[in-house]
Amino acid sequence: MAKKFHNFINGEWVDAESGETFENRNPANWNELIGTFPKSDKEDVEHAVEAAVAQRDAWANLPVPKRGQILGRAGDIMVKRKEEIAKLMTREMGKILKETRGDTQEGIDTAYYAFGEARRLYGVTSTSELTNKATYTIIKPIGTAGIISPWNFPMAIPCWKIFPALLMGNTIVFKPASDTPATATKFVEILNEAGVPKGVVNLVHGPGSTVGEAILKHPDIGVISFTGSSAVGRRIAEVAGKNLKRVSLELGGKNPQIVMPDADIELAIEGVLWGAFGTTGQRCTATSRLILHGDIYDEFMDILIKRTKDLRVGDGLLESSDVGPIINESQLKIILNYVDIGKQEGAKLLLGGKRLTGGKYDNGFFMEPTIFTEVEPGMRIEQEEIFGPVLSVIRIFDFEEAIAVANDIEYGLSSSIYTNNILYAMKAIDKLEAGITYINAPTIGAECHMPFGGFKNTGNGHREGGKWPYEVFGEIKTVYIDYSGKLQKAQIDTEITK
Ligand code: NAP
Ligand code: MG
């Protein structure tokens with residue numbers, strides 16, 4: 001019998017009120033049922049929010065270092081369970097073990113960052129413009145945060161959001177992606193074991209269209225932190241906008257890797273292989289466009305094709321696999337449809353493009369690593385996020401053209417340039433319209449203490465990672481203390497006359 005999983009509301013593991021469930025299966029072997037999960041709806045969200053609201057004061061009144069200790073303990077537990085978490089994550093969403101270990105490590109690093117940050121929630125102290133008056137800031141929790149996460153980083157992304165939200169003293173209603181409810185459950189189990197009091201973190205499984213919507217619309221949820229597609233992000237911004245709710249959005253990407261003729265070619269090839277086909281291309285920061293200089297084009301492509309053919313596609317649980325499956329059948333169809341679109345647009349399908357079948361592939365959603373050449377700027381495969389192992393190669397002839405092609409896109413998450421010319425590197429840092437620019441490294445590889453997010457339609461200006469999300473989850477209060485014993489008027493009493 002498959003394991004039955006639950007929601008976690010007010011410290012209790014419970015079914016959906018309706019009693020309905022949904023299944024979670026392994027994309028490398030769809031016959032393997034990982035478990036059934038509550039298919040919750042609005043009513044379950046109501047209960048979760050009630051519990052979260054009831055615990056607000058108690059959690060917010062706990063001194064911040066005490067909250068930090070609990071979060072640090074969660075990090076300790078994750079260290080002990082790293083392998084178990086990684087294996088579960090690979091089973092439920094497919095990426096190879098090396099990467100699910102990395103995903104878990106990012107969560108651990110974020111826990112320890114929160115532990116340290118607990119003694120570093122500095123405000124601003126300044127001098128007053130008036131005599132016998134002091135001014136400084138403090139930061140208060142918002143109340144209850146709604147956390148909505150995608151499936152491609154099932155541990156790292158919830159950790160990026162939930163650790164800062166908790167440290168800031170908020171209580172949580174957490175809706176993970178329907179494709180990765182098991183890793184989310186494990187995370188909530190760990191928070192509970194670490195000592196997060198009941199009702200502070202509430203987990204509600206179920207569809208975005210019901211559970212997600214109910215979170216967005218709930219008047220007692222003061223801030224929403226969302227990572228996912230631009231389409232859903234727009235919807236969230238709309239609803240949140242109507243209610244003047246704070247919202248942090250981390251959305252799609254269409255990330256370029258530029259390679260100039262003076263680059264270390266071997267290094268640039270390793271970079272594009274890892275950037276384009278790591279996580280089977282299902283990363284917001286995946287390298288989906290290779291912007292390659294004409295002078296090295298033939299040589300580069302010869303090696304790249306050979307090396308791409310060598311990639312071993314298979315079950316992520318096997319150490320021998322380099323590339324795991326696609327998350328589910330409908331996503332595989334979307335990617336294969338993009339292959340058709342690319343062909344119709346006149347790009348040349350140089351490698352791959354097909355679903356893998358036969359033997360070990362029959363029960364999963366595997367696809368060949370795919371490369372299109374003769375891709376022109378403006379083609380749909382060059383502009384739209386495919387979210388699969390599909391690389392579009394665009395040939396350019398000078399640096400300015402490379403930058404123009406890289407920037408001619410609605411997104412602006414990550415970017416990379418391989419060059420040994422300091423002038424190109426510095427200009428690229430200046431000109432690339434992206435939240436992250438790598439020099440001589442692929443478009444993927446963010447570190448937990450540095451800001452992560454994008455320009456343009458990749459988001460709404462917030463950043464995750466490091467100290468940045470702490471402001472998303474806090475309200476700043478400015479304090480003025482007047483000890484002059486008289487009414488002093490700012491701007492009026494202080495007028496400076498010439
Ligand atoms: P998605 O379809 O937008 O789903 C993200 C989350 O939103 C899921 O939990 C989903 O629930 C929920 N949701 C769906 N409809 C909703 C609604 N109407 N109201 C509220 N919530 C709703 O994205 P995904 O397919 O999971 O993830 C892939 C996308 O995430 C890509 O576009 C990728 O670029 C982006 N991403 C961005 C970053 C970044 O930091 N910039 C990082 C990783 C991924 P269900 O699962 O139940 O549908
Ligand atoms: Mg699954």
Side-chain angles (χ1 to χ4, degrees), residues 22-24 27 37-42 45 92-93 95 103 106 146-161 173-181 183-184 203-218 221 224-240 245 247-255 279-288 326-328 330-332 334-335 384-388 409-414 434-436 443-444 446 448 451-465 468-469:
F22 67 96
E23 290 181 347
N24 178 19
F37 289 80
K39 191 171 176 189
S40 317
D41 56 30
K42 193 167 172 244
V45 173
E92 83 167 337
M93 58 73 72
K95 68 184 172 186
D103 190 317
E106 178 85 11
I147 306 292
I148 303 178
S149 56
W151 51 263
N152 63 339
F153 282 86
M155 186 56 100
I157 291 178
C159 287
W160 277 3
K161 299 175 184 303
V173 177
F174 170 30
K175 189 215 105 59
S178 298
D179 281 308
T180 50
T183 308
L203 170 69
V204 187
H205 296 290
S209 55
T210 52
V211 175
E213 287 281 329
I215 291 175
L216 299 186
K217 290 178 182 154
H218 204 294
I221 290 186
I224 308 260
S225 180
F226 170 81
T227 298
S229 61
S230 294
V232 176
R234 265 178 226 277
R235 164 80 192 145
I236 290 177
E238 238 175 69
V239 178
K245 221 172 253 199
V247 53
S248 165
L249 303 172
E250 294 294 345
L251 311 174
K254 187 76 184 170
N255 314 288
T279 320
T280 324
Q282 304 170 112
R283 282 182 184 237
C284 50
T285 53
T287 308
S288 49
I326 307 293
I327 184 69
N328 56 39
S330 65
Q331 187 61 29
L332 176 62
I334 291 171
I335 302 167
E384 297 174 20
E385 186 180 50
I386 298 175
F387 227 60
I409 205 83
E410 73 168 298
Y411 299 110
L413 184 52
S414 187
I436 308 167
T443 58
I444 63 183
C448 93
F452 181 94
F455 290 16
K456 302 196 276 192
N457 288 355
T458 288
N460 63 343
H462 291 290
R463 293 291 183 269
E464 305 208 89
W468 289 268

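Counting starts at 1 for both ligands and their atoms, following the listed order. Counting from 1, the numbers follow the sequence of the chain as shown.
- For ligand 1, the atoms closer than 4.0 angstrom to any heavy atom of T227 are 5 (C), 36 (N), 37 (C), 38 (C), 39 (C), 40 (O), 42 (C), 43 (C), 44 (C).
- Contacts between S229 and ligand 1 below 4.0 angstrom, taking non-hydrogen atoms only, involve backbone and side chain alike.
- Taking the six-membered ring for Trp and the full ring otherwise, W160 and F452 have centroids separated by under 6.0 Å.
- Atom OG1 of T279 is separated from atom CE of M93 by 7.0 Å, given to the nearest 0.5 angstrom.
- Less than 4.0 angstrom separates some heavy atom of E213 from each of these atoms of ligand 1: 17 (C), 18 (N), 19 (N), 20 (C).
- Across all non-hydrogen atoms, the minimal contact from T227 to P150 is O-CD, 3.2 Å.
- No N or O atom of S230 sits closer than 3.5 Å to an N or O atom of ligand 1.
- Not a single heavy atom of T285 sits under 4.0 Å from any atom of ligand 1.
- Checked by distance only, ligand 1 and E464 stay at 3.5 Å or farther apart across all their nitrogen or oxygen atoms.
- Between D179 and ligand 1, not a single N/O pair is under 3.5 Å apart.
- Inclusion of W160 in the set of residues having an N or O under 3.5 Å from an N or O of ligand 1 is not warranted.
- In terms of polar-atom proximity, defined here as any N/O pair under 3.5 Å, V232 makes no such contact with ligand 1.
- The proximity of F452 to ligand 1, defined as any non-hydrogen pair under 4.0 Å, is limited to the side chain.
- Between K161 and E464, at least one side-chain nitrogen of the basic residue sits less than 4.0 Å from a carboxylate oxygen of the acidic one, meeting the salt-bridge criterion.
- For atom 42 (C) of ligand 1, the closest non-hydrogen atom of the protein is C284 SG, 2.8 Å.
- Close contacts of ligand 1 with P176, meaning ligand atoms under 4.0 Å from a residue heavy atom, involve 9 (O).
- Applying side chain to side chain contact (heavy atoms under 4.5 Å, CB included) to F174 and the options I215, I148, I147 leaves one that passes, I147.
- Contact check for E250 versus C284: no side-chain heavy atoms found under the 4.5 Å cut-off.
- A donor-acceptor distance shorter than 3.5 angstrom exists from the side chain of K175 to the backbone of G206, with no hydrogens or angles considered.
- Geometrically, K95 engages F153 in a cation-pi contact defined by less than 6.0 Å to the ring centre and at most 45° from the axis.
- Distance check for atom 4 (O) of ligand 1: every protein heavy atom is found at 4.0 Å or beyond.
- The shortest N/O to N/O separation between N152 and ligand 1 does not fall below 3.5 Å.
- Looking at ligand 1, you'll find an N or O of G208 within less than 3.5 Å of one of its N or O atoms.
- Counting heavy atoms under 4.0 Å from ligand 1, residue V211 does not touch it at all.
- Shown in contact with G212 at under 4.0 Å from a heavy atom are these atoms of ligand 1, numbered in order with element: 19 (N), 20 (C), 21 (N).
- The atoms of ligand 1 that sit less than 4.0 Å from any heavy atom of G206 are 47 (O).
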